[in-house]
Asker: 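This is the structure I want to talk about, given as structure tokens.
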Number of protein chains: 2
Amino acid sequence: MVHGAEELFARAGHLFVGTTELACAANDLYTWVATQPRHVPPELHPRSMRKLYRPGVLLQPSSTQHLRTVAARGTAVRISQDDINETIILDDRAVILAGAGHGADRNYSVITQPDTIAGVRSLFEAAWRASTELAVCDAQLAELRTLAPRILELLGAGHKDETAARNLGLSLRTYRRRVADVMRALGATSRFQAGVRARELGVL
Amino acid sequence: MVHGAEELFARAGHLFVGTTELACAANDLYTWVATQPRHVPPELHPRSMRKLYRPGVLLQPSSTQHLRTVAARGTAVRISQDDINETIILDDRAVILAGAGHGADRNYSVITQPDTIAGVRSLFEAAWRASTELAVCDAQLAELRTLAPRILELLGAGHKDETAARNLGLSLRTYRRRVADVMRALGATSRFQAGVRARELGVL
DNA sequence: CAACTGGTGGCAACATGCTGCCAACCGCTG
DNA sequence: CAGCGGTTGGCAGCATGTTGCCACCAGTTG
């Protein structure tokens with residue numbers, strides 16, 4: 001159990017070097033920003049990299065673009081509808097689980113116990129199988145992505161549906177359809193939760 | 001216009017040194033964490049410091065405690081019901097206005113033009129006069145503060161009022177009263193907005 | 001004890017949000 | 001043109017959230 005990303009890399013950075021298969025799950029683009037310590041030569045990068053995200057990241061043009069380039073560099077990127085705790089798996093040597101807190105003030109559990117690793121791996125594999133290729137979701141959410149930032153902004157400003165819909169030139173019905181779409185993408189079951197997640201993703 | 005807190009201190013840090021009257025407004029405790037560059041001796045600290053916050057920070061025990069110690073060290077701390085853009089005022093020499101973005105990715109406008117400074121100062125003074133002593137709000141929100149974190153957690157988990165109320169052992173009516181209290185403290189007019197603000201404050 | 005106070009919970013009325021249904025309207029294709 | 005699939009917007013009905021009103025209870029005070 002380590003505290004903060006810096007300490008994580010200081011204490012567990014060596015585990016990353018020489019990993020051949022790396023898999024990670026995250027809810028936003030901030031969490032495992034650097035999945036490589038600085039100054040690791042390309043020949044030591046993992047042979048296979050897989051990243052699992054939530055659909056919410058595809059609501060932001062910039063995040064989407066980033067994932068596209070990551071995918072273009074050979075990393076397999078998929079989108080999961082389920083709520084996954086943030087995780088990194090390094091071969092069968094170690095897993096790292098992110099815990100409570102956010103930003104620089106977050107705890108991480110570094111686990112090297114083989115049985116636990118096997119368990120986490122199997123769970124990850126199940127989630128991976130149940131998830132969708134980036135390109136597919138990307139296409140599905142293409143039009144929504146153009147509208148979502150404005151919708152979230154209006155919601156975040158505390159507008160009623162009525163006024164927000166008029167503001168966007170949509171009917172109340174269609175506006176609410178889009179809000180429902182956004183909430184589905186965020187995996188939220190209430191507007192409060194949607195607000196929290198939108199803020200987590202850095203929209204707003 | 002500078003980008004990021006680091007650049008701000010690099011470019012405008014010298015303005016802080018020798019300031020006799022410092023006033024700032026912020027929505028959370030992260031924004032103007034360091035209102036002094038490192039290594040400034042106490043005799044050069046401002047003679048008068050005033051800080052203006054939103055009631056939401058008093059929903060967290062830890063933030064509240066922090067503000068109390070700040071106040072105990074001689075800084076005047078007040079709570080404003082209004083939505084204020086984050087601002088620092090350094091005598092009548094400069095004002096710094098925080099702009100869009102959050103965290104390390106935020107823009108700041110450093111203004112030294114006298115007329116603008118005068119205008120911002122007068123607005124700040126108006127807001128300051130309309131605001132309340134920390135101690136008063138602190139006392140008013142004392143009981144709510146014990147409940148708020150649990151309420152926000154349940155809301156953030158996407159629970160319906162029904163189940164959340166049962167979970168807390170409250171009646172639906174009282175639970176909703178508390179939710180309304182929390183939303184008032186956050187200055188939110190919709191639950192979505194409340195979610196965003198709760199996340200901004202670092203609750204959750 | 002009586003009066004007062006502050007918090008609670010039930011009820012009701014209303015506001016807001018959610019979603020299925022359907023008719024209307026594209027743009028496309030055969 | 002006719003048919004098709006997809007999107008829109010209105011409507012209705014229901015679910016959820018918001019608030020005032022009031023009766024009740026517990027603790028306090030005179």
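All heavy atoms count here, side chains included; hydrogens, waters and symmetry mates do not. In this text the structure is predicted, and so the values were computed from the model without any measurement. Letters A, B, ... mirror the listed sequences (proteins, then strands); counts begin at 1.
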Asker: Picking from dG9(D), dC18(C), dT18(D), which would you name as closest to the side chain of L170(A)?
Answerer: dG9(D)
Asker: Starting from C1' on dG10(C), measure out to OH on Y175(B) and report it in whole angstrom.
Answerer: 19 Å
Asker: Rounding to a whole Å, what distance do you find between F192(B):CZ and dT16(D):P?
Answerer: 20 Å
Asker: Between dT7(D) atom P and L147(A) atom CG, what is the distance in whole Å?
Answerer: 14 Å
Asker: Please walk me through it: do H3(B) and N107(B) pass side-chain contact (heavy atoms from CB on, under 4.5 Å)?
Answerer: CA-CA 4 Å; H3(B) 187 77; N107(B) 292 320; 2.6 Å; yes
Asker: Provide, to the nearest angstrom, the distance between the CG atom belonging to L144(B) and the P atom belonging to dG6(C).
Answerer: 18 Å
Asker: Quick one: is R178(B) getting a side-chain N or O under 4.0 Å of the dT8(C) phosphate, OP1 or OP2?
Answerer: yes
Asker: Is there, by distance only and without an angle test, a donor paired with an acceptor across the side chain of R176(B) and the base of dG9(C) below 3.5 Å?
Answerer: no
Asker: Between dT16(C) atom P and K160(A) atom NZ, what is the distance in whole Å?
Answerer: 5 Å
Asker: Answer yes or no: is there an ion pair linking R176(A) with D161(A), defined by an N-O contact shorter than 4.0 Å?
Answerer: yes
Asker: I want to check one thing: is the phosphate of dG9(C), taken as OP1 and OP2, less than 4.0 Å away from some side-chain N or O of T174(B)?
Answerer: yes
Asker: Just the rounded figure in Å: distance from P of dG9(C) to CG of L168(B).
Answerer: 11 Å
Asker: Do R177(A) and dG9(D) share a donor-acceptor pair, side chain to base, under 3.5 Å?
Answerer: yes
Asker: Quick one, L67(B) and L29(B) - any side-chain contact, counting heavy atoms below 4.5 Å?
Answerer: yes
Asker: So, OP1 or OP2 of dC18(C): does either fall under 4.0 Å of a side-chain N or O from R191(A)?
Answerer: yes
Asker: Kindly indicate whether the side chain of R173(A) and the base of dG20(C) share any N or O donor-acceptor pair separated by less than 3.5 Å?
Answerer: yes
Asker: So if I take every side-chain heavy atom of A180(B) and compare against dT19(D), dG17(C), dT18(D), which nucleotide ends up nearest?
Answerer: dT19(D)
Asker: Picking from dT18(D), dG9(D), dT16(D), which would you name as closest to the side chain of S171(A)?
Answerer: dG9(D)
Asker: Which of these, T19(B), T112(B), T20(B), sits in a side chain to side chain donor-acceptor pair (under 3.5 Å) with R93(B)?
Answerer: T19(B)
Asker: Between dG6(D) atom P and D181(A) atom CG, what is the distance in whole Å?
Answerer: 15 Å
Asker: Report the distance from atom CD of Q193(B) to atom P of dT18(D), rounded to the nearest whole Å.
Answerer: 13 Å
Asker: Does the T132(B) side chain pair with the main chain of C137(B), one donor and one acceptor, at a distance under 3.5 Å?
Answerer: no
